[in-house]
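Notes follow once the structure below has been shown.
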2 protein chains.
Amino acid sequence: MIRGRTGNTKFVKQMNREGILHQLRQEPRLSRAELAAKTNLSRPCVSALVEEMIQEGLIREVGTGESKGGRRPILLEYNVQAYAVVGAVFEGSELEMAVADMKGELIAQRHTRLKQPVDGDSALKALEETLARLLAVSGIDRDRVVGIGVGLPGITQRRSGTVSHAPSTGWMDLPVGREIEERLRLPVVLDNDVNMMTQGEFFGGAGAGVSSLVYMYVGTGIGAGIILDKQLYRGSREASGEIGYMRIGDSPARRKGEFGVFERNFSVTGIHGKAQALGLPVDPEAGILRQLIRLSREGSAPAEVLLNEVYHGWASGIANTVSVLDPEMLVLSGEMLHLDEAGLNRIRELLLEWVPVVPDIRLAELRERAGLMGAVHSVLEAHSFASMPAGS
Amino acid sequence: MIRGRTGNTKFVKQMNREGILHQLRQEPRLSRAELAAKTNLSRPCVSALVEEMIQEGLIREVGTGESKGGRRPILLEYNVQAYAVVGAVFEGSELEMAVADMKGELIAQRHTRLKQPVDGDSALKALEETLARLLAVSGIDRDRVVGIGVGLPGITQRRSGTVSHAPSTGWMDLPVGREIEERLRLPVVLDNDVNMMTQGEFFGGAGAGVSSLVYMYVGTGIGAGIILDKQLYRGSREASGEIGYMRIGDSPARRKGEFGVFERNFSVTGIHGKAQALGLPVDPEAGILRQLIRLSREGSAPAEVLLNEVYHGWASGIANTVSVLDPEMLVLSGEMLHLDEAGLNRIRELLLEWVPVVPDIRLAELRERAGLMGAVHSVLEAHSFASMPAGS
DNA sequence: TTGAATTTGTTAGTTATTTTAACAAAGTAA
DNA sequence: TTACTTTGTTAAAATAACTAACAAATTCAA
């Protein structure tokens, strides 16, 4: 797998089991013979591996298929209910949590509001209690849960399992991964919220099937999640996709600890600032893009100018990112979800003018479920579910 | 290796051979016992594989080492002279070519000037003749050459081995890879010049040892080569690193088929244009940066302003790229090589001000040899030299 | 209806490769 | 000289895949 690593025979078996499961996850209902053909393994070998995995409950026989001129095939199916995974996302003082089957389909979901101010202990407690309730509701045995994926706002240092900056959750420089692991007694996959949402859209949303994708999120800040070669790319210091720091728009002297130039101009807060400076009647609580579109339609010239400035700014950010990465797809999210057809087309036009290779540009499909789906899929990815039982 | 692929036992052996060779390439002179420890293979297994590779000439025994309290180890060495690789780079009407050993060290090098206008046939002929001469000079048998890496200007479509845009070599939309392969009867690795230079600096230059790197080249255009996880990243349509299209600097209406905004402003030609517009006495043939630095030192205010604008522009390009990728190192090349300590520091200062995570920034070390080194290493990478003999 | 051909899945034996256990060779240190 | 280490090899055991052969189940054509 990794260059320079050596493999033993067990590793081959593992790989072959994974290969079979992989096929079975893509296409449900395949016979042993078909699997042998698709994996380039011999039929006896496939039979043996399948037998093993049936014993483990990973695969099921589900009746017979149509004959192709001979004995009818026994169809096999990946047993998505063999195990379960849990996903959790902290957002401000809210916790969204769900159990899913091995296909990543949510079985039960639950929303919890934490009492403020949020500290580490109350967050852990919430996780614990919600998990228990979810398992009870869905009737899933605790032993069948393979792991939990947790999305946290801010930059997380995954290596050490330490969150170095998780502003809204009240966890600062704590070895969060280990704490959750100890408390819940489950393997934990930790990542920041944007990475989780990126994986969500990649595995179960707009980006299903592509091999590279940039997920661009405009909120209080601007960030992007990057998937290259079907793998999340994190950067050498976990700081990839921090596109809020790009040099786009005016660059007034920033105050200490303030955001990047792109963010200062074109994040939700940035646009609100611009709108207020222009004296536009906008409600700071409501979605800024919708308000601008409405005002512009109603004939407000400054609103139209600002709206175009926003399109121009966002398109510039996209252009710069695309120039560097040449991704197959770009998924827009956050405030950008409120783009109407006209706005989206305007951005596409600008890009066609600016860069030679324009990726497929789409709005995110999963909305608020993206993070949760990503958390779930990050666990599914982390474990290869062909892993062999302890005994063998 | 690739997800979904199944492996057989031969594959494991191959992996283990590669593992051993990998260790031996990193650290010369290791014993069988040390190799066993480093690769997690048993000593008998290492012995068997080593024996095989000694027979094939890939490894050599080179005396004994110091005892560590027991029998003295027999030291093994990777035999860099077992085979040879060839690198070639076309640049304008010039062809630079070299033979190298398996470590990537150049054994013989040769420069050829093609007569203009260059067409495909004369280029092929030059390749053929220069190769013959290099082999004669270095006394290397043709059978020992494993392949040739060829760097071509412009965008190359590697998949099909077709060069879709190689302006200065006169090869347009030809299946270049196959033609060279047929003519020279050698496996060919084709890539564009920037990618080759990137690999050169990565394997044998400033970037040796890092795992991610951006190689930024400022010439008539501006482009970047990207290495992530020790692998060249090409993008979904071979268009990654086309940072010349970034939105940096003024954006006057571009004329048909013209470059990107960043390029129009801050490539060598762009800067020349700006200098001339300011009425600065610059020689269009000589290096623009050096001239600006000199003029600025001599007290020319507009030169100083322009120089700062250039630093600012380049730093912006770097900032944007770094925001997206978070690479471990940034290697500056082309016109940027003429940056003096003050200029480099100015750029570093700006970056510290703009982005939270600044990579190690260095000037390219290999200069004009970068492409050649890259071509050579691209062949070394393409072939895993642990490949097994046909007989087994 | 019968028998040849085909497809699926299994059984038994072979092959390839790694590991374990044991040991010989060659050294150090007390 | 003896005890202990480290290195490398030999022989046997263990894994896991493959080949060949065949049984089971089905289609299809005579």
Side-chain angles (χ1 to χ4, degrees), chain A residues 5-20 23-24 29-55 59-76 386-392, chain B residues 5-20 23-24 29-55 59-76 386-392:
Chain A
R5 172 179 168 183
T6 52
N8 49 25
T9 49
K10 293 243 164 118
F11 176 62
V12 171
K13 190 177 173 185
Q14 177 80 16
M15 267 187 69
N16 291 338
R17 285 172 54 118
E18 272 179 52
I20 289 173
Q23 294 297 337
L24 230 35
R29 286 159 201 274
L30 290 169
S31 68
R32 290 168 173 81
E34 284 170 312
L35 281 171
K38 288 192 191 255
T39 58
N40 290 316
L41 290 169
S42 63
R43 289 204 303 278
C45 181
V46 169
S47 280
L49 296 177
V50 160
E51 182 52 33
E52 223 180 70
M53 292 194 277
I54 286 178
Q55 291 304 320
I59 292 180
R60 278 189 308 201
E61 291 190 340
V62 289
T64 57
E66 283 305 295
S67 162
K68 286 175 200 158
R71 175 175 170 175
R72 296 170 70 182
I74 303 169
L75 296 183
L76 300 166
S387 61
M388 291 189 276
S392 74
Chain B
R5 174 180 165 182
T6 52
N8 50 25
T9 50
K10 292 245 161 114
F11 175 63
V12 171
K13 189 177 173 185
Q14 177 79 16
M15 267 187 68
N16 291 338
R17 285 173 55 119
E18 271 179 52
I20 289 173
Q23 295 297 337
L24 230 35
R29 289 158 200 276
L30 289 170
S31 68
R32 291 169 173 81
E34 285 170 311
L35 281 171
K38 290 194 190 250
T39 58
N40 289 316
L41 290 168
S42 63
R43 289 203 305 276
C45 180
V46 169
S47 280
L49 296 176
V50 160
E51 181 53 32
E52 221 179 73
M53 292 194 278
I54 287 177
Q55 291 304 321
I59 292 180
R60 278 189 310 203
E61 291 189 340
V62 290
T64 57
E66 284 305 295
S67 161
K68 286 176 202 158
R71 175 174 170 176
R72 297 170 68 181
I74 305 169
L75 296 183
L76 299 166
S387 60
M388 292 190 275
S392 75

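Throughout, a chain's letter reflects where its sequence line sits, starting with A, and its residues are numbered from 1.
Atom CZ in B:Phe11 sits roughly 15 Å away from atom C1' in D:dA16 (whole-Å rounding). For the pair B:Lys38 NZ and D:dT7 P, the computed distance is 13 Å after rounding to whole Å. In this entry the distance linking CZ of A:Arg17 with P of D:dA16 reads 10 Å, nearest Å. Atom-to-atom, CZ of A:Arg72 to P of D:dA23 comes out at 23 Å; the value is rounded to the nearest Å. Between the P atom of D:dT5 and the CD atom of B:Glu66 lies a distance of 20 Å, rounded to the nearest Å. One atom, CG of A:Leu35, and another, C1' of C:dT7, lie 15 Å apart when rounded to the nearest Å. In this entry the distance linking CG of B:Leu49 with P of D:dT9 reads 12 Å, nearest Å. Atoms CD1 (A:Ile74) and C1' (C:dT7) sit 12 Å apart, rounded to a whole Å.
Among the atoms of the strands shown, base atoms are found under 4.0 Å from some heavy atom of B:Pro44. A:Cys45 comes within 4.0 angstrom of sugar-phosphate atoms only, judged by non-hydrogen atoms across all strands, and of no base. Nucleic acid contact for A:Ser67: sugar-phosphate only, since backbone atoms but no base atoms lie under 4.0 Å from a heavy atom of the residue.
When each of B:Glu34 and A:Gly70 is assigned the nucleotide of DNA chain D with its nearest heavy atom, B:Glu34 is the one assigned upstream, toward the 5' end.
The phosphate of D:dG8 (OP1 or OP2) has a side-chain N or O of B:Ser31 nearer than 4.0 angstrom. Taking only side-chain nitrogens and oxygens, B:Lys13 comes nearer than 4.0 Å to OP1 or OP2 of C:dT17. Between D:dA16 and A:Asn16, no contact under 4.0 Å exists linking OP1 or OP2 to a side-chain N or O.
Taking all atoms of both residues into account, the shortest heavy-atom contact from B:Asn16 to B:Leu49 is CB-CD1, 3.7 Å. Of all non-hydrogen atoms in B:Gln23 and B:Leu30, the two that sit nearest each other are O-CD1, 3.9 Å. Pairing each heavy atom of B:Arg72 with each of B:Gly65, the nearest pair is NE-O, 3.2 Å. Of all non-hydrogen atoms in B:Arg32 and B:Val46, the two that sit nearest each other are O-CG1, 3.7 Å.
Picking from D:dC18, C:dT10, C:dT18 the nucleotide with the shortest atom distance to the side chain of A:Ser47 gives C:dT10.
Residue B:Arg43 places a side-chain atom within donor-acceptor reach of the base of D:dG8, judged by atom type and a 3.5 Å distance cut-off alone. For D:dG8, its base never sits under 3.5 Å from the side chain of B:Arg32 at any donor and acceptor pair. Applying the 3.5 Å distance criterion, the base of D:dT7 shares a donor-acceptor pair with the side chain of B:Arg71.
Salt bridge absent: B:Arg29 and B:Glu34 never bring a charged side-chain N and a carboxylate O closer than 4.0 Å.
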